[in-house]
Amino acid sequence: MDLIPALHAIVGEANVLVDRDVVATYERDWTGRFGAPATCVVRPADVDEVAAVLRACAAAGVPVVPQGGNTGLVGGGVPRAGGEVVLSLTRLDAIGDVDPALGVVEVGAGVTLGALQAAARAAGFEAGIDFGARDSCTVGGMVACDAGGARALRHGTARARVAGLEAVLADGTVVRRMAGLAKDNAGFALGQLLIGSEGTLGVVTRVLWRLVPRCDARVTALVPVASAADAAALLAALRAHAPSLESCEFFLDDGLSLVLDAQRRPSPLAQRAPAYVLAECAARTDPTEELAAALEAAGVEDALIADDSAGREGLWALREGHTEAINAAGVPHKMDVGVPLAQLGRFLERAPGAVAAAVPDVADVRTFLFGHLGDGNVHVNVLGPAPDDHRADDAVLELVLACGGTISAEHGVGVAKAGWLERARGAGEVAAMRAVKAALDPAGILNPGAVLPAPSAPAPATPGQPTRPARE
Ligand code: FAD
Ligand code: MLT
Ligand code: ZN
């Protein structure tokens with residue numbers, strides 16, 4: 001049977017999108033760097049339809065790219081070879097009642113982070129995760145990428161929020177552990193394997209989301225700092241003196257200038273500095289004194305403090321505004337990496353030089369560095385090189401490995417960094433990953449080319465041993 005009529009029979013004609021203009025909006029990623037033409041976009045309404053769609057695509061031998069809000073930044077949620085079916089999960093948007101005793105809520109994979117946050121707050125809880133794409137990104141996408149964001153410092157990444165999971169494997173088999181049992185060690189934890197697998201091992205359809213207590217008393221500080229060492233010292237003081245610390249972020253002065261220009265507003269700071277730390281404390285009772293004690297312990301004399309929502313949002317816009325401001329300036333090469341805190345200064349100092357040296361022929365190459373200081377998570381954004389020029393990416397990832405870090409902290413590997421997986425994880429671990437993939441998806445239907453490179457794909461064009469550097 002032809003695939004399109006088979007899909008019509010499963011989800012209805014209206015939910016198989018083939019109009020080129022409509023399909024185009026699902027084919028290119030948020031950065032504009034990745035994408036290829038899709039056969040169609042299919043929009044199932046529930047887990048049974050997802051299973052039937054996967055069976056139909058498997059029978060037709062057509063690869064499937066799962067997609068949520070399409071806010072991913074590594075090209076993993078859009079077609080890459082051309083001809084894939086985009087499986088959009090956004091119609092799975094049911095939100096159940098919050099269970100206050102368990103502190104959980106059942107949510108469909110297509111529920112946006114913003115909708116989850118609103119439901120949690122209305123019931124006296126919070127989602128325990130937050131980042132700039134909140135109005136578009138989905139629960140399924142967050143779980144598939146093991147997303148982090150600004151509150152991972154306190155609440156962990158998406159993995160820590162998953163109390164139960166339902167998913168469909170490549171052959172249409174439904175796996176489901178949704179009872180919210182605190183203890184359940186009967187057999188392999190398949191759900192854990194699916195978290196962070198970026199749509200390559202299964203399609204997430206429902207999640208039992210573990211909530212955190214709501215903290216309405218919030219205070220935010222923007223602190224100018226002279227160096228990465230000062231930023232790390234401030235982080236240490238915040239950890240020691242402010243148990244209510246929820247976020248600790250950083251950005252540099254060139255990023256601030258770009259954001260202020262994009263947002264057409266003046267700097268709220270009287271004095272500019274090489275770098276800035278944005279810290280937020282959240283508690284049931286006013287955490288201002290805790291924060292003040294931490295700033296004093298760190299010897300901070302000059303900080304902007306906001307304890308009302310408008311003031312806090314103004315400070316957060318300076319940090320979160322980086323992604324949009326950079327996108328507005330060009331198609332970025334985005335490297336989301338993590339380094340041990342002890343290596344942060346070295347990494348920040350060397351990254352721009354490594355990029356410039358890698359692309360000496362590219363005029364106006366610009367490197368912006370910002371991220372989640374508390375997690376050692378740096379977002380390296382390079383403007384200038386053409387989208388398919390990998391030299392700057394390779395230079396940054398080489399430096400990350402030399403610093404004992406990871407090539408992906410929270411965005412995932414996607415297609416952007418698949419070629420680097422073996423350098424980062426070693427041949428043995430990648431072989432184990434391939435074995436898992438082959439067991440769960442022997443025909444290679446689910447998201448081929450993401451995370452695990454095609455076996456014939458070239459390795460990164462850099463010298464060095466195919467092993468991760470030892471961590472002393
Ligand atoms: P998509 O982009 O649609 O897909 C992402 C990946 O997940 C793809 O590999 C896709 O195949 C897979 N996938 C999607 N849905 C499913 C499903 N139901 N089952 C199986 N696989 C699925 N990320 C962070 O971690 N921290 C941040 O602070 C952060 N900030 C961001 C800020 C902005 C402005 C933007 C644009 C992005 C940001 N991101 C951040 C990246 C992105 O929002 C996250 O990776 C998010 O989790 C992606 O969700 P999505 O629904 O948009 O997924
Ligand atoms: C962020 O922390 O702002 C995001 O991860 C998005 C980005 O890296 O641009
Ligand atoms: Zn981030």
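The structure displayed is predicted, hence computed values, not measured ones. Whatever order the structure lists them in is the order used to number ligands and atoms, beginning at 1.
- At a 4.0 Å heavy-atom cut-off, ligand 1 touches V204 through backbone and side chain alike.
- Put simply, part of G148 is less than 4.0 Å from ligand 1, judged by heavy atoms.
- Nearest non-hydrogen protein atom to atom 32 (C) of ligand 1 is A133 N, 3.7 Å.
- Of the heavy atoms in H372, only side-chain atoms (C-beta onward) come closer than 4.0 Å to ligand 1.
- Each of the following atoms of ligand 1 lies closer than 4.0 Å to a heavy atom of H411: 23 (N), 24 (C), 40 (C).
- Atoms of ligand 1 found under 4.0 Å from any heavy atom of A147, numbered from 1 in the order shown, are 25 (O), 47 (O).
- Of all protein heavy atoms, the one lying nearest to atom 30 (N) of ligand 1 is F131 CD1, 3.4 Å.
- The contact set between ligand 1 and G68, taken as ligand atoms under 4.0 Å from a residue heavy atom, comprises 1 (P), 3 (O), 14 (C), 15 (N), 51 (O).
- At the top of the distance list for atom 2 (O) of ligand 1, counting protein heavy atoms only, stands G72 N, 2.7 Å.
- Looking only at atom types and distance, the side chain of W209 has no donor-acceptor partner in the side chain of E106 under 3.5 Å away.
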- Can you list the steps and then say if E246 with R218 is a salt bridge (Lys or Arg N to Asp or Glu O under 4.0 Å)? CA-CA 9 Å; E246 185 155 274; R218 288 181 177 271; 2.8 Å; yes

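- Residue A144 touches ligand 1 through its side chain alone, judged by heavy-atom distances below 4.0 Å.
- Between the side chains of T406 and S408, not a single donor N or O lies within less than 3.5 Å of an accepting N or O.
- If you run side chain to side chain contact (heavy atoms under 4.5 Å, CB included) between M335 and each of D393, V400, D394, N381, only D393 comes through.
- The shortest contact between atom 50 (P) of ligand 1 and any protein heavy atom is with G69 N, 3.4 Å.
- The protein heavy-atom contact nearest to atom 34 (C) of ligand 1 is T323 CG2, 3.7 Å.
- Taking only non-hydrogen atoms, the option from G149, G76, C145, A158 nearest to atom 9 (O) of ligand 1 is G76.
- Taking both residues in full, the closest heavy atoms of P224 and A303 are given as CD-CA, 4.5 Å, listed atom of the first, atom of the second, then distance.
- Looking at D29 and N70, their side chains never bring a donor and an acceptor atom within 3.5 Å of each other.
- Salt bridge annotation for D130-R134: present, with a cationic side-chain nitrogen under 4.0 angstrom from a carboxylate oxygen.
- The shortest non-hydrogen separation linking A418 to G414 is CB-O, 3.6 Å.
- Here is the list of ligand 1 atoms found below 4.0 Å of a heavy atom in L89: 18 (N).
- Protein residues with a heavy atom under 4.0 Å from ligand 2 are L73, R319, T323, K334, F370, H372, H379, E410, H411.
- Of all atoms in ligand 1, listed by their number and element, those nearer than 4.0 Å to a heavy atom of G199 are 20 (C), 21 (N).
- With a 4.5 Å cut-off on side-chain heavy atoms, T200 and L446 do not count as touching.
- Between the side chains of E249 and H322, no donor-acceptor pair is found at a separation under 3.5 Å.
- An N or O contact shorter than 3.5 Å links E198 to ligand 1 by distance.
- When non-hydrogen atoms are compared, ligand 1 lies under 4.0 Å from the side chain of N447 (C-beta onward) but not from its backbone.
- For the residue pair H155 / E126, no side-chain donor-acceptor distance below 3.5 Å is found, with atom types taken as modelled.
- Considering only non-hydrogen protein atoms, atom 11 (O) of ligand 1 sits nearest to P66 O, 2.6 Å.
- Only the side chain of A109 comes within contact range of ligand 1, with a heavy atom under 4.0 Å; no backbone atom does.
- Remark: minimum distance from atom 43 (O) of ligand 1 to any protein heavy atom is reached at T71 OG1, 2.7 Å.
- At a cut-off of 3.5 Å, with distance as the only test, a side-chain donor of E166 or T205 sits close to an acceptor on the other residue.
- Listing protein N, O or S atoms at distances below 2.8 Å from the Zn ion (ligand 3), with waters left out, gives H372 NE2, H379 NE2, E410 OE2.
- Taking 4.0 Å as the cut-off between side-chain N and carboxylate O, R20 and E27 count as a salt-bridged pair.
- Proximity of T138 to ligand 1, defined as any heavy-atom pair under 4.0 Å, is shared by backbone and side chain alike.
- No side-chain heavy atom of V415 sits less than 4.5 Å from a side-chain heavy atom of V74.
- At the top of the distance list for atom 4 (O) of ligand 1, counting protein heavy atoms only, stands G77 CA, 4.2 Å.
- Close approach of ligand 1 to G202 is summarised as follows: ligand atoms under 4.0 Å from at least one heavy atom of the residue are 20 (C).
- Within the 4.0 Å heavy-atom cutoff, G414 does not count among the residues contacting ligand 1.
- Using a cutoff of 4.0 Å between basic side-chain nitrogens and carboxylate oxygens, D171 and R55 are not scored as salt-bridged.
- The shortest N or O to N or O distance between N70 and ligand 1 is below 3.5 Å.
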